[in-house]
Amino acid sequence: EVQLVESGGGLVQAGGSLRLSCAASGIAFADYSIGWFRQAPGKEREVVSGISSSDGGTYYADSVKGRFTISSDNAKNTVYLQMNSLKPEDTAVYYCAAERGGLYGMGYRPHYYGMDYWGKGTLVTVSS
């Protein structure tokens, strides 16, 4: 019933850019908070960024601050992650996830264990 579909992954050289999209059906992003997570080979899934429509708050992991920008278009039920100045260590499968509630502008952040719905991921590979 609820589906989140990521797109926009690919192969880029270090310093390049990609824009990921997360399109949702079955839920309205206006009623949820959306997080981006990534998982590299041999590593645990980690949070990258998040956005909460209720308070307009955003969250960025320290490793991506200044390089990644999250945005949303509630009319299209789509969330974007603009990734600039990509590094080889950004290589991972990127997932979007939806959480009921969440106030990232109040100091909260997405947690992998707290998300209610997950997409299947899109692969980002950054070559050195």
Side-chain angles (χ1 to χ4, degrees):
E1 185 70 12
V2 176
Q3 294 188 64
L4 278 64
V5 180
E6 304 95 336
S7 62
L11 173 64
V12 298
Q13 289 191 331
S17 299
L18 286 173
R19 189 183 75 160
L20 305 183
S21 299
C22 175
S25 60
I27 61 171
F29 278 177
D31 300 323
Y32 285 77
S33 297
I34 307 298
W36 282 99
F37 298 77
R38 66 186 182 187
Q39 187 166 23
K43 296 184 178 180
E44 296 183 351
R45 190 168 300 185
E46 63 178 351
V47 63
V48 176
S49 186
I51 187 167
S52 50
S53 296
S54 59
D55 66 351
T58 58
Y59 167 82
Y60 297 96
D62 289 341
S63 59
V64 306
K65 285 182 179 178
R67 300 189 297 120
F68 292 9
T69 303
I70 191 169
S71 62
S72 63
D73 186 339
N74 287 342
K76 297 182 178 180
N77 233 30
T78 301
V79 171
Y80 306 95
L81 185 67
Q82 179 67 45
M83 306 187 297
N84 299 326
S85 301
L86 284 164
K87 304 175 181 179
E89 51 263 44
D90 294 319
T91 295
V93 176
Y94 283 71
Y95 302 88
C96 68
E99 173 186 18
R100 289 187 290 269
L103 297 170
Y104 303 154
M106 299 295 292
Y108 295 92
R109 65 178 178 88
H111 296 276
Y112 75 93
Y113 54 80
M115 311 309 290
D116 299 303
Y117 305 103
W118 289 86
K120 294 183 178 180
T122 185
L123 177 62
V124 172
T125 303
V126 184
S127 62
S128 60

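Separation of atoms CG (Asp90) and OG1 (Thr125) is listed at 11.0 Å; rounding is to 0.5 Å. In this structure, CG in Leu18 is found 8.5 Å from CD in Gln82, a value given to the nearest 0.5 Å. We find the CZ-CZ distance between Arg45 and Arg38 to be 13.0 Å, quoted to the nearest 0.5 Å. To the nearest 0.5 Å, atom CG of residue Asn84 and atom OG1 of residue Thr69 are 6.5 Å apart. With rounding to the nearest 0.5 Å, the separation of OG1 in Thr122 from CG in Leu81 is 11.0 Å. A distance of 14.0 Å separates NZ of Lys87 from OG of Ser128, quoted to the nearest 0.5 Å.
Side-chain N or O atoms of Asn77 include one that pairs as donor or acceptor with a backbone N or O of Phe29 at under 3.5 Å. The backbone N or O of Gly121 sits less than 3.5 Å from a side-chain atom of Glu6, completing a donor-acceptor pair. The main-chain N or O of Tyr60 is never found under 3.5 Å from a side-chain atom of Ser49 such that the two would form a donor-acceptor pair.
Leu11 forms part of no hydrophobic cluster, judged by ILVMFWY side-chain heavy-atom separations under 4.5 Å. Other members of a hydrophobic cluster containing Val5 are absent, since no ILVMFWY side chain comes under 4.5 Å of it, directly or through relayed contacts. Tyr95 belongs to a hydrophobic cluster with Phe37, Val47, Tyr59, Val93, Leu103, Tyr104, Met106, Tyr108, Tyr112, Tyr113, Met115, Trp118, Leu123, counting contacts under 4.5 Å between side-chain heavy atoms of Ile, Leu, Val, Met, Phe, Trp and Tyr, direct or through other members.
In plain terms, the two heavy atoms of Ile27 and Ala24 that are nearest each other are CG1-CB, 4.1 Å. Of all heavy-atom pairs between Val79 and Ser72, the closest is CG2-CB, 3.9 Å. Between Val124 and Met83 the shortest heavy-atom distance is CG2-CE, 3.8 Å. Minimum interatomic distance between Ala40 and Thr91 (heavy atoms only, all atoms of both residues): CB-O, 3.5 Å. Across all non-hydrogen atoms, the minimal contact from Ser85 to Ser17 is N-OG, 4.3 Å. Taking all atoms of both residues into account, the shortest heavy-atom contact from Ser52 to Gly102 is CB-O, 3.4 Å.
Side-chain contact between Tyr32 and Tyr117 is present, with heavy atoms from C-beta onward closer than 4.5 Å.
Follow the hydrophobic side-chain contacts under 4.5 Å out from Tyr80 and you never reach Leu86; the two are in separate clusters.
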